[in-house]
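Notes follow once the structure below has been shown.
Sequence lines set the chain letters: A, B, ... in the order given, protein chains first and strands last, and positions in each chain run from 1.
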Amino acid sequence: MPEGHTIHRLAREHNAILRGRALRLSSPQGRFASDAAALDGRVLDRVRPYGKHLFYEYGDDVVHVHLGIYGKFETHAAPAPPPRGAVRLRMATNEHTVDLRGPTVCERIRPEERDAVLARLGPDPLDPKADRERFARSCARRATPIGTVLLDQSAIAGVGNVYRAEALYVLGIAPQRPANTLGPGEVDALWDTLARMMRTGVRLNRIVTTLPEDRDRRRGRPSDADRHYLWRRTDLPCRRCGEPIRTEVLGARHMYWCPVCQPA
DNA sequence: GCAAAATGTCAAG
DNA sequence: TTGACCTTTTGCA
């Protein structure tokens, strides 16, 4: 399940195994069948990730994928197993088969439409060319709670519910604070913290927001309890002050925060 | 065996 | 602000 790190990681994997190949495209579930047939056999030029969006470019045809909250990709080495569940799109070479299930968006679009999607999105912390000043300006302009702004993909692209809670906690910023009350230092630190967490997510292929010194080193990979500071951990006290972690719906999603370490 | 929740977004009211 | 949508997993009987 995807925040921006999943998307960038998938783009890297799919570029490695699919790019430059003539792909066999199909839609075992049927909902993308005519578009899959229209593109079957075409050469995939590249996969482009941005925020939570993926673009598979075949000349002037682009397949736009947004995983939403449920969507998932699965890669199989040959021989491909029969489709499991509702496979919206299957992309195959002789060596690999990639299955897509449950996306919010899987559509064939033109390059202009792709550009229109990109134009709506804010800077992506995982994009090396990202302009963090655009994010700073969005914050300065808005009296909306910073916890809501972080989920607004036109303010900053790729951040989701886990990263927003964890980054605000690390920096001691209350999610309810109006974005325009954050100082320039806080906005900068927020960008840097999110970028650091999301790069770790790409590398490990899962969300790990805790710093190594805050984890149990004896384990090879972080346990679930060690991966986050407080997201969905209302069963545990705050790791810094012992206060119960609080949760509340903010920006249509559950926000988690410590009322002591993140004072309003 | 079934309800509820899940790392998301949009349109309707 | 609420409900709809996409699918799988988890938790409780």
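- Nucleotides C:dA4 and B:dA4 are separated by 15 Å at their P atoms, to the nearest Å.
- In this structure, A:Tyr56 has its ring center no closer than 6.0 Å to that of A:His64.
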Distance-only donor-acceptor pairs under 3.5 Å for side chains of residues 240-259 of chain A, two or more places apart:
{"from": "A:Arg240", "atom 1": "NH1", "to": "A:Tyr169", "atom 2": "O", "distance (Å)": "3.4"}
{"from": "A:Arg240", "atom 1": "NH2", "to": "A:Val170", "atom 2": "O", "distance (Å)": "3.1"}
{"from": "A:Thr247", "atom 1": "OG1", "to": "A:Met255", "atom 2": "O", "distance (Å)": "3.0"}

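- C:dT8 and B:dC10: their C1' atoms are spaced 22 Å apart (whole Å).
- Separating the CD1 atom of A:Ile69 from the C1' atom of B:dA5 is a distance of 8 Å, rounded to the nearest angstrom.
- For the P atom pair drawn from B:dA12 and C:dC6, the interatomic distance equals 16 Å after rounding to whole Å.
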Quiz: residues 134-146 of chain A side-chain donor-acceptor pairs under 3.5 angstrom, not counting sequence neighbours:
{"from": "A:Arg134", "atom 1": "NH2", "to": "A:Leu121", "atom 2": "O", "distance (Å)": "2.9"}
{"from": "A:Ser138", "atom 1": "OG", "to": "A:Arg134", "atom 2": "O", "distance (Å)": "3.2"}
{"from": "A:Arg142", "atom 1": "NH1", "to": "A:Asp152", "atom 2": "OD2", "distance (Å)": "2.7"}

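- Annotation: C:dG3 and B:dA5 have their P atoms spaced 14 Å apart (nearest Å).
- The nearest whole Å value for the distance from the CE atom in A:Met198 to the C1' atom in B:dT7 is 11 Å.
- In terms of modelled atom types and a separation under 3.5 Å, the side chain of A:Glu166 and the main chain of A:His228 share no donor-acceptor contact.
- Between the CH2 atom of A:Trp231 and the C1' atom of B:dA6 there is a distance of 7 Å, given to the nearest Å.
- Between the CD1 atom of A:Ile7 and the P atom of B:dT7 there is a distance of 15 Å, rounded to whole Å.
- OP1 or OP2 of B:dT9 lies within a sub-4.0 Å distance of a side-chain N or O belonging to A:Lys52.
- Spacing between atom CD1 of A:Ile207 and atom P of B:dA6 amounts to 14 Å, rounded to whole angstrom units.
- Near DNA chain B, meaning a heavy atom under 4.0 Å away, the residues from residues 148-176 of chain A are A:Gln153, A:Gly160, A:Asn161, A:Val162.
- By the 4.0 Å N-to-carboxylate-O rule, A:Arg132 lies close enough to A:Asp192 to be salt-bridged with it.
- Counting only residues at least two apart or in different chains, side-chain hydrogen bond (donor to acceptor under 3.5 Å, both in side chains) contacts with residues 15-26 of chain A comprise A:Arg21-A:Glu95, A:Arg24-A:Asn94.
- What separates CZ of A:Arg232 from P of B:dA4 is a distance of 15 Å, to the nearest Å.
- Atom pair A:Met197:CE and B:dT7:P shows a separation of 16 Å (rounding to whole Å applied).
- Side chains of A:His8 and A:Asp127: a donor-acceptor N/O pair is absent below 3.5 angstrom, by distance only.
- Looking at A:Arg88, A:Arg101, A:Arg90 one by one, the single match for side chain to side chain donor-acceptor pair (under 3.5 Å) with A:Gln29 turns out to be A:Arg88.
- In terms of phosphate contacts, A:His66 brings a side-chain nitrogen or oxygen within less than 4.0 Å of OP1 or OP2 of B:dT9.
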Pair up each side-chain donor or acceptor in residues 109-119 of chain A with any protein partner under 3.5 Å, not counting sequence neighbours, and list the distances.
{"from": "A:Arg110", "atom 1": "NH1", "to": "A:Asp60", "atom 2": "O", "distance (Å)": "3.3"}
{"from": "A:Glu113", "atom 1": "OE1", "to": "A:Arg110", "atom 2": "N", "distance (Å)": "2.7"}
{"from": "A:Arg114", "atom 1": "NH1", "to": "A:Glu57", "atom 2": "OE2", "distance (Å)": "2.8"}

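- Rounded to an integer number of Å, the gap from CE of A:Met255 to C1' of B:dA6 is 17 Å.
- The stretch residues 96-117 of chain A touches DNA chain C through A:Arg101, A:Gly102, A:Thr104, each having a heavy atom within less than 4.0 Å of the strand.
- The residue A:Arg253 sits close to a base: some heavy atom pair falls under 4.0 Å.
- Taking the six-membered ring for Trp and the full ring otherwise, A:His76 and A:His96 have centroids separated by 6.0 Å or more.
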